[in-house]
Number of protein chains: 2
Amino acid sequence: MTLKLDKVNRGPHLSTLVASSISREIAQGRLKPGDQLPTEQALATTFGVSRNVVREAIARLRSEGRIWSQQGRGAFVADATNATVLTIDYETLQRADSFRNLFELRGMLEVQIAALAAARRSDADIAAMEEALDGMRTAPYGSVAWLKNDLGFHRAVAEATQNPYMGQFLVFVSERVRESILAAGNQQKSDDMARTTLGEHERILAAIKAGDAKGASAAMTRHLAGAASRVGLPGGEASAKPASPARHSRLRKAVRGQAAG
Amino acid sequence: MTLKLDKVNRGPHLSTLVASSISREIAQGRLKPGDQLPTEQALATTFGVSRNVVREAIARLRSEGRIWSQQGRGAFVADATNATVLTIDYETLQRADSFRNLFELRGMLEVQIAALAAARRSDADIAAMEEALDGMRTAPYGSVAWLKNDLGFHRAVAEATQNPYMGQFLVFVSERVRESILAAGNQQKSDDMARTTLGEHERILAAIKAGDAKGASAAMTRHLAGAASRVGLPGGEASAKPASPARHSRLRKAVRGQAAG
DNA sequence: TCTTGTCGTGTTATCATACAACCCTGATTG
DNA sequence: CAATCAGGGTTGTATGATAACACGACAAGA
């Protein structure tokens with residue numbers, strides 16, 4: 001088996017390059033689950049690095065659950081389902097369709113979370129949301145402080161579900177969405193957007209405060225539709241239930257604007 | 001002389017122990033974002049291991065986005081939002097409330113995914129679901145083959161959304177739920193459960209096949225309620241919209257049964 | 001023939017040391 | 001005062017050695 005392993009070009013860390021190279025071999029199917037990797041020594045020579053670097057790369061892949069190794073035997077490719085971490089590599093983040101898909105996933109989470117939050121929120125949760133909203137009011141639209149408080153609001157909503165995983169997942173997805181927006185580059189802001197966005201948040205908060213689950217998810221749906229249009233996505237589809245079965249209608253190039261919250 | 005055994009508990013890999021030890025320091029706030037870690041040499045001596053092991057641990061934490069390092073300066077704790085991977089450590093998985101919360105998150109995803117799948121499924125998606133269902137029919141309830149096809153069915157539904165992240169997230173959460181069930185240990189099966197579960201799946205498939213988004217999510221809700229009761233959880237709350245604002249009603253001990261699909 | 005024990009080889013796990021690349025600081029020097 | 005340079009400290013990488021473990025080969029014994 002001659003794995004197509006190129007010599008690594010100098011970059012941030014050699015171990016990172018080696019790890020992603022092996023990872024690519026696995027992702028592209030040249031290394032299937034159960035296969036044994038070349039020995040550390042062999043990998044070291046083929047990559048042109050020291051065995052130490054190879055070991056750091058393998059330690060990383062092992063922590064991700066992609067491979068497992070045993071002393072005296074070797075390293076083997078693990079089953080895909082054994083992945084103990086959920087990761088989205090930076091390369092795919094830069095594709096326009098992955099942005100759209102991430103945004104859709106985020107919307108799905110947010111709408112449901114809003115409904116749960118309305119049913120379970122405590123007074124402390126309400127206070128956290130109001131604090132974040134205040135922070136957004138004083139910060140200029142699109143600034144770091146604004147984005148921070150925006151994320152903080154949504155996190156507070158997620159934490160109001162009393163289910164810690166909700167916040168964990170939502171923040172993770174939201175951060176990927178934000179990175180994806182940054183990767184797309186260009187942005188355009190206006191004071192109008194700030195007012196609109198703030199109003200959307202206020203309606204969400206009001207519904208949650210009132211314990212109105214249905215209203216909260218509706219307000220969140222509106223907010224996400226607005227956010228989608230502000231970043232150049234067709235709004236309706238970002239909601240949980242698409243009106244039309246627009247099959248395979250992905251790959252829109254338009255990703256404009258920065259503040260997507 | 002084996003005096004090193006006192007410094008670190010023997011485990012799978014020293015680097016793993018060091019990594020989780022540092023990770024715990026960060027999680028418990030003794031190391032805050034921006035703080036500088038001790039030097040590799042210092043960590044090596046305090047842990048009683050070689051610098052090489054420390055480097056493997058740091059390589060792992062760096063890949064997870066928990067810390068960042070620069071040559072000539074040192075290693076620093078990164079912001080929590082910079083985490084590039086989503087991970088749920090095994091310890092918290094074993095707690096009963098985390099199981100309940102994970103199940104709720106999974107339910108939220110499944111119900112929405114079913115609706116999307118009904119709107120977007122292709123013929124190939126339908127074929128994949130039917131194949132998985134066939135596999136469940138021939139395998140004994142709760143067996144490895146049964147669980148594999150069960151997961152395969154839900155994965156097929158997720159892939160029918162034409163959004164790869166849906167499947168990625170769902171499989172991740174489902175695997176954690178399964179691990180959590182296994183951690184709880186005891187299980188009880190019956191042919192009755194097999195028939196019931198199969199019927200629930202068939203109704204989901206029928207709704208998706210018909211393009212009935214509302215029916216699909218309803219069928220999935222019923223399925224999840226059934227699965228919840230089969231593993232000893234109160235069924236209704238696992239659905240997306242809890243009937244009552246049962247605040248802080250977590251920490252149920254009853255986690256019985258294995259096949260939760 | 002079958003079992004069992006031993007040994008040798010290959011591999012990973014760990015250790016130890018050395019050097020290169022780089023950052024930071026402070027003294028030197030123009 | 002500013003620029004430069006030397007030095008120490010830290011991470012990044014290379015190299016060699018040793019320990020722990022897996023596995024097959026092979027011979028001795030029943």
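Here is how names work: the chains are called A, B, and so on, in the same order as the sequence lines, proteins then strands, and each is numbered from 1. Values below: every heavy atom of this structure, side chains too, minus hydrogens, waters and symmetry copies.
- As rounded to whole Å, 11 Å separates atom C1' of dC23(D) from atom CZ of Phe76(A).
- Annotation for Glu131(B): atom CD does not count as buried by contact number, only 12 or fewer foreign heavy atoms lying within 6.0 Å.
- Taking 4.0 Å as the cut-off between side-chain N and carboxylate O, Arg106(B) and Glu110(B) count as a salt-bridged pair.
- Salt-bridge annotation for Asp97(A) and Arg100(A): absent, with no side-chain N of the basic residue lying under 4.0 Å from a carboxylate O of the acidic one.
- Phe172(B) meets the ring-ring contact (aromatic ring centres under 6.0 Å, His included) test with no other residue; sequence neighbours excluded.
- The distance between atom CG of Leu14(A) and atom P of dT15(D), rounded to the nearest whole Å, is 12 Å.
- Here the C1' atom of nucleotide dT10(D) and the CD1 atom of Ile67(B) are 14 Å apart, to the nearest Å.
- Trp68(B) places its CH2 atom 16 Å from the C1' atom of dG12(D), with the value rounded to the nearest Å.
- Annotation: side chain of Asn149(A) is not in contact with side chain of Leu133(A) (no heavy-atom distance under 4.5 Å).
- Look at CG on Leu17(A): it is 13 Å from C1' on dT13(D), rounded to the nearest Å.
- The side-chain heavy atoms of Arg66(B) and Arg60(B), taken from C-beta on, include no pair separated by under 4.5 Å.
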Sugar-phosphate atoms are those with a prime plus P, OP1 and OP2; base atoms are the rest. Using that split, label each nucleotide of nucleotides 6-12 of chain C B, S or - for protein heavy atoms under 4.0 Å, 5' to 3'.
----BBB

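- At dT13(D), none of the side-chain N or O atoms of Ser50(A) fall inside 4.0 Å of OP1 or OP2 (strictly under the cut-off).
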